[in-house]
Structures are given as structure tokens and as C-alpha cells.
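All values reported here derive from a predicted model rather than from experimental measurement.
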Amino acid sequence: MRKAWWGLCGAVLILFSSWGWNEEVALEPPVSSGPAEEQFPDGKSVELVPERPFLEYEKVIDPLFLAGACGFPWESGGELPSDCLLDFYMVDTLYPQFPGVWKEPVEVPAETVLEGLEESFDGVAAGQIRQAAGYSPEKDTISFSYGVGSGCIYQITQVEKQGDRTLIHLTCLEGDSLDTPTKQVTIGMKDEKYLFCQVEELVGDGAYQTVEQAMG
């Protein structure tokens with residue numbers, strides 16, 4: 001189960017997430033005659049994924065990106081804010097179940113939401129989702145209203161295998177024309193779970209630095 005524009009742009013955003021921006025900005029996958037290896041400074045060798053269309057990985061990244069969870073670093077689902085987790089659940093689970101724009105909020109038992117999130121992340125705690133504004137302690141349910149996203153798009157630049165993990169590298173694009181690279185992001189996955197997110201900010205001179213360096 002795999003699960004940006006704000007407010008009233010939600011419906012337009014979902015249309016873009018399904019085909020619009022990926023059609024315009026996604027890079028073509030590299031042509032390869034077979035598995036290739038790349039040597040990293042620590043001496044470890046990784047096998048690049050040969051001839052896998054990036055579209056398959058866009059479907060994996062879309063819910064995470066639309067939920068805003070690609071804009072900052074984290075190392076487990078337990079570090080994600082409740083709004084990111086619930087937006088992810090809405091895009092990944094509820095949108096397929098309830099296609100189209102909702103006129104009324106959708107209520108889901110909190111335990112059902114937690115179980116769904118645990119399929120995609122490690123370390124998610126019950127208290128995280130019960131902190132959400134849409135949580136009802138009387139009914140132990142969470143209310144979801146249609147509409148989620150961010151003001152940027154992304155393009156996948158590389159996908160590689162490192163042992164039993166898959167690393168998906170992408171660049172976030174912002175600006176008036178959505179063509180200015182602002183972040184370099186790596187999403188780590190194992191099987192169908194998101195393991196971590198690494199983020200580097202792109203600074204004015206064209207060099208990359210970590211978020212910590214940019215803020216410090």
C-alpha cells in the first residue's frame with residue numbers, strides 16, 4: 001500500500017500528482033545494458049537498478065511528497081509530525097478508496113489509521129496521530145477533509161540498490177515556474193516501508209550543504 005498546492009488547489013494538485021508534473025519534469029531513466037556498480041568512498045559497492053522506469057518510483061514517492069515529508073530530514077516514522085502522517089494516510093489510503101473531491105469529511109477509527117501507517121513506517125506511535133486537530137477522543141476517530149499538498153514539485157534523478165535497501169534520489173523544484181532546484185533529497189526504503197529521508201539544501205552558489213549547515 002503506497003500512498004504540492006494548498007487549500008482550494010487540492011483537486012488540481014492531485015491531477016498534477018498523477019500525471020501532470022511527472023510528464024513535464026521527470027528525467028528519463030538511464031539506458032543500461034545490465035546491472036552496473038558504483039564505488040562509494042567508504043568502499044561499499046552498490047548495484048544501480050537497471051532499466052526501471054521512474055514512473056514506478058514516482059508512484060511510491062507521490063504520497064510522501066504530497067504529505068510534506070520530503071522537505072526535512074527524519075530517520076523513522078516516529079519523527080514525523082502528526083499532520084504529515086495523516087496527510088500521507090489520506091493520499092495513500094483514502095484517496096484511492098474515495099475518489100473525487102469529498103463534500104464531507106471522512107471519519108476513520110484511530111486504530112485503523114495507526115495500523116495503516118505501521119505498514120509504511122517504523123516507529124509510529126498511537127499518541128502521534130491522536131494529537132491531530134481532527135481527532136475525536138469521544139469516538140476515538142480521526143476526521144479527514146479533502147485537500148493536501150505543497151508549493152513545489154520534484155523529479156527523480158537516480159534509483160539505486162544498497163544491499164536490501166532502495167535509495168531514491170530526487171530534486172525538489174520551486175519558484176514561479178517550478179523550475180528552480182532547491183533541495184536534493186534521498187528517500188531510503190526497504191520492501192514497502194519508508195526508512196529515512198535525507199535532505200540537502202541547494203544554496204545560491206550552486207553548492208549543496210546539509211540542512212544543519214544551512215541553519216547553523
Side-chain angles (χ1 to χ4, degrees), residues 2-6 13 16-17 20-32 36-77 79-81 84-85 87-88 91 120-121 148-190 193-216:
R2 281 285 156 277
K3 308 180 217 315
W5 322 110
W6 290 288
L13 173 64
F16 273 48
S17 71
W21 5 290
N22 291 325
E23 288 282 329
E24 296 177 10
V25 302
L27 301 181
E28 290 295 327
V31 177
S32 172
E37 288 191 344
E38 182 172 344
Q39 197 72 25
F40 281 73
D42 59 5
K44 295 181 180 179
S45 180
V46 301
E47 181 180 331
L48 303 184
V49 178
E51 299 179 355
R52 285 292 302 273
F54 286 153
L55 178 60
E56 294 301 313
Y57 295 100
E58 290 163 3
K59 293 176 181 178
V60 171
I61 294 298
D62 275 354
L64 199 69
F65 188 85
L66 290 171
C70 293
F72 56 92
W74 47 270
E75 296 183 356
S76 77
E79 297 181 5
L80 288 170
C84 283
L85 289 171
D87 284 350
F88 175 88
V91 176
S120 298
F121 302 95
V148 65
S150 74
C152 59
I153 60 175
Y154 73 89
Q155 59 184 13
I156 295 177
T157 56
Q158 186 184 28
V159 178
E160 60 187 60
K161 287 287 188 179
Q162 189 172 29
D164 58 357
R165 296 183 174 187
T166 299
L167 304 183
I168 305 173
H169 304 280
L170 50 120
T171 298
C172 295
L173 304 169
E174 301 183 39
D176 293 340
S177 301
L178 296 177
D179 59 359
T180 303
T182 57
K183 293 182 180 70
Q184 181 174 286
V185 180
T186 298
I187 303 297
M189 300 191 67
K190 180 178 179 180
K193 283 193 172 184
Y194 302 92
L195 301 180
F196 61 82
C197 175
Q198 297 175 344
V199 179
E200 291 179 322
E201 297 283 349
L202 182 59
V203 296
D205 61 2
Y208 283 96
Q209 61 183 19
T210 65
V211 172
E212 289 78 7
Q213 290 171 330
M215 295 178 63

Could you tell me whether the side chain of Thr166 reaches within less than 4.5 Å of the side chain of Tyr57, counting heavy atoms only?
-> yes
Geometric class of the Phe65/Tyr154 ring pair [parallel <30°, tilted 30-60°, perpendicular >60°] = tilted
Does any donor atom in the side chain of Thr186 or His169 lie under 3.5 Å from an acceptor atom in the other side chain?
-> yes
Under the salt bridge (Lys or Arg N to Asp or Glu O under 4.0 Å) test, residues paired with Asp164 that sit two or more places apart | Lys190
What are the two closest heavy atoms between Pro181 and Thr171, and how far apart are they?
-> CB-CG2, 3.7 Å
Would a 4.5 Å heavy-atom cut-off, applied to side chains only, mark Phe196 and Leu167 as touching?
-> yes
Nearest non-hydrogen partners of Gly77 and Phe121, listed with the distance | CA-CB, 3.9 Å
About how many Å separate CD1 of Ile168 and CD of Glu56, when rounded to the nearest 0.5 Å?
-> 11.0 Å
Under the side chain to side chain contact (heavy atoms under 4.5 Å, CB included) rule, what do Cys152 and Leu173 come out as? Steps first, then yes or no, please.
-> CA-CA 6 Å; Cys152 59; Leu173 304 169; 6.0 Å; no
Under 3.5 Å donor-acceptor, Tyr194 side chain and Val60 backbone = yes
Excluding sequence neighbours, so at least two apart, what forms salt bridge (Lys or Arg N to Asp or Glu O under 4.0 Å) with Glu174?
-> Lys183
Pairing residues for Glu75 by the side chain to side chain contact (heavy atoms under 4.5 Å, CB included) criterion, not counting sequence neighbours = Glu79
What distance do Cys197 atom SG and Leu80 atom CG have between them, rounded to the nearest 0.5 Å?
-> 8.5 Å
Straight-line distance of Thr182 OG1 to Glu200 CD, nearest 0.5 Å = 12.5 Å
Check: Ile187 and Cys70 side chains under 4.5 Å, non-hydrogen atoms = yes
Hey, does Gln184 have a side-chain heavy atom less than 4.5 Å from the side chain of Val199?
-> no
